[in-house]
Undergrad: 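I have a structure I would like to understand better, so I am pasting it below and will then ask my questions one at a time.
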Amino acid sequence: MSLSASFPSALMTSKCPITRLKPRLPFLTVVLCAFSFLALFYTERITFFSSISIFKLKSCPRKPASSKTREKPMAEERSTNPLTDDRFEFDPKECNIANGKWVFNRSMKPLYTDRSCPYLDRQVSCVKNGREDSDYRQWEWQPEDCTLPRFNAEIALNKVRGKRVMFVGDSLQRGQWQSFVCMVEWMIPADKKSLNRGSFLSVFTAKEYNATIEFYWAPFLVHSNSDNPIIGDPKQRILRVDSVANHSKHWTNVDILVFNSYVWWMSVAKIKSLWGSFENGEEGYVEFDTPIAYTMGMKTWANWVDSNVNPNMTRVFFTTMSPTHTRSMDWGRVNGSKCFNETKPIRNRNFWGSGSDKGMMSVVSKIVNKMKVPVTFINITQLSDYRIDAHSSIFTETSGKLLTAEQKADPLRHADCIHWCLPGVPDTWNQILFAHL
């Protein structure tokens, strides 16, 4: 099933001067423009998980981007030759982010490392935890149809000046938040920034910008008995699929909201769902198949957004599912140990692993398509699915302790193929977020 079909389509009008041709106009130009007019009706390009379908026309020359609007790259220039690169400047209404490839760029320098940024958890500090190869940090995502602007810390900080930015979701969303913080914090003097960590809410403050970049822990978005403390056994978790009230009181008066919720839902085939308060007992739950419970929970979240968010004051984003790589047979490695020892992305452009569920993605797309408040997808699933090389693997911690030598020797059981090393893939997610800002 094509997910993009759930979104409205839009037709881009040709700007070729067909209706006012002058007799002196070269015959070849007339023919080219006539063909472009016909192409308008026969050329269609569907954008996966985008707000519209794209009808691309390339017959008319593009207007060169003004040098004033180009940002200064924070690292070296792209490996592609700008003279032969015909991709247009990023336009969220036209660019299909999912259609692209990872290009190795040795000259690309991350804006931070897991040693230079003081705010990273050990869970994602792979080099600090002993990972020796660093090539996973040198791949950059290049969409086929447009140029994705490099993340510019100064511009990003000015975009959020005087604002509250909040990432809401699970530990993968926490990784995206930490990535965003590390990508901007190096520009701020030590005495003008701070981080306050809490059980649910953690707040990074950029004082001179009067801005906060926050993370709020809500792995299901709806209320659950496993929000805090976490219940390790997924079968013991019970969700209130009809309520976000416990969490949403922290989401008000936020200028930029970035949500996600996926991985925690996928840990069991059936979800125990409860109506009413946990204080009244947990015996009245009903078990639903995960997609059904997920639909209920996402509708509850969507109703809150539509009822409480003023789109003139607040922008709402949703990070699509972060793929897991726990089945090495997906990419043809029969005797592999999940993502362990993988050092390069998958090059098969048609790859879609078992760690990404199109049915669950369809649930979100259909719900968002019916919402009154516009929600922008940070479409990271397909591009992240290629990156089997970029997970924490054995260079991580569990239960607050780094993996022992014995655990590292058993990657099939202990390798973390869900979370991502930082710097790494989540930096690209924030590059996409930055482009939308």
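Heavy-atom basis, side chains included; hydrogens, waters and symmetry copies ignored.
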Undergrad: Before giving the answer on salt bridge (Lys or Arg N to Asp or Glu O under 4.0 Å), spell out for Asp389 and Arg387 the whole-Å C-alpha distance, their side-chain angles and the decisive distance to 0.1 Å.
TA: CA-CA 5 Å; Asp389 59 313; Arg387 295 305 306 275; 2.8 Å; yes
Undergrad: Is the ring centre of Phe317 less than 6.0 Å from the ring centre of Phe377?
TA: no
Undergrad: Any side-chain to backbone donor/acceptor pair from Trp186 onto Met183? Under 3.5 Å, distance only.
TA: yes
Undergrad: Could Arg122 and Phe395 be counted as a cation-pi pair, given that NZ or CZ must be under 6.0 Å from the ring centre and within 45° of the axis?
TA: no
Undergrad: Under a 4.0 Å threshold between the charged nitrogen and the carboxylate oxygen, would Arg174 count as salt-bridged to Asp121?
TA: yes
Undergrad: Do the two ring centres, one from Trp352 and one from Trp331, sit under 6.0 Å apart?
TA: no
Undergrad: Tell me the closest heavy-atom pair linking Cys126 and Ser392, and the distance in Å.
TA: SG-CA, 3.7 Å
Undergrad: For Phe90 versus Pro149, what's the shortest heavy-atom pair and its separation?
TA: CB-CD, 3.6 Å
Undergrad: Report yes or no: does Asp170 contribute a side-chain atom to a donor-acceptor pair with the main-chain N or O of Ala218 at less than 3.5 Å?
TA: no
Undergrad: Check this for me: does any side-chain nitrogen of one of Lys93 and Asp91 sit under 4.0 Å from a carboxylate oxygen of the other?
TA: no
Undergrad: Test your reading of the model: is there a side-chain donor-acceptor pair from Thr314 to the backbone of Val254, 3.5 Å cut-off?
TA: yes
Undergrad: Determine whether Val258 and Phe215 make a side-chain contact, defined as any pair of heavy atoms from C-beta on separated by less than 4.5 Å.
TA: no
Undergrad: Report the C-alpha separation of Phe259 and Trp251 in whole Å, then their side-chain angles, then the decisive distance to 0.1 Å, and conclude whether the ring pair (Phe, Tyr, Trp, His ring centres under 6.0 Å) test is met.
TA: CA-CA 10 Å; Phe259 293 96; Trp251 308 343; 5.1 Å; yes
Undergrad: For Phe204, which of Tyr209, Trp177, Tyr119 qualifies under ring pair (Phe, Tyr, Trp, His ring centres under 6.0 Å)?
TA: Tyr119
Undergrad: Starting from the C-alpha separation in whole Å, work towards a yes-or-no answer on ring pair (Phe, Tyr, Trp, His ring centres under 6.0 Å) for Trp265 and Tyr294.
TA: CA-CA 7 Å; Trp265 294 86; Tyr294 188 63; 5.2 Å; yes
Undergrad: May I ask you to check whether Phe200 and His250 place their ring centers less than 6.0 Å from one another?
TA: no
Undergrad: For the CZ atom on Arg333, are there more than 12 heavy atoms of other groups (residues, nucleotides or ligands in this structure) within a distance under 6.0 Å?
TA: no
Undergrad: Does Arg150 come within less than 4.0 Å of Glu140, counting only side-chain N to carboxylate O?
TA: yes
Undergrad: Evaluate the side-chain proximity of Ile380 to Thr428: yes if any heavy-atom separation is below 4.5 Å, no if none is.
TA: no
Undergrad: Should the ring pair His325 and Trp420 be called parallel, tilted or perpendicular, given that the plane angle runs from 0 to 90° and is split at 30 and 60?
TA: perpendicular
Undergrad: Name the residue from Tyr386, Trp102, Phe104 that meets the ring pair (Phe, Tyr, Trp, His ring centres under 6.0 Å) definition with Trp139.
TA: Phe104
Undergrad: Any non-hydrogen side-chain atom of Ile432 less than 4.5 Å from a side-chain atom of Asn379?
TA: no
Undergrad: Locate the shortest heavy-atom distance separating Leu148 from Pro143; write the atom from each residue and the value.
TA: CB-CD, 4.0 Å
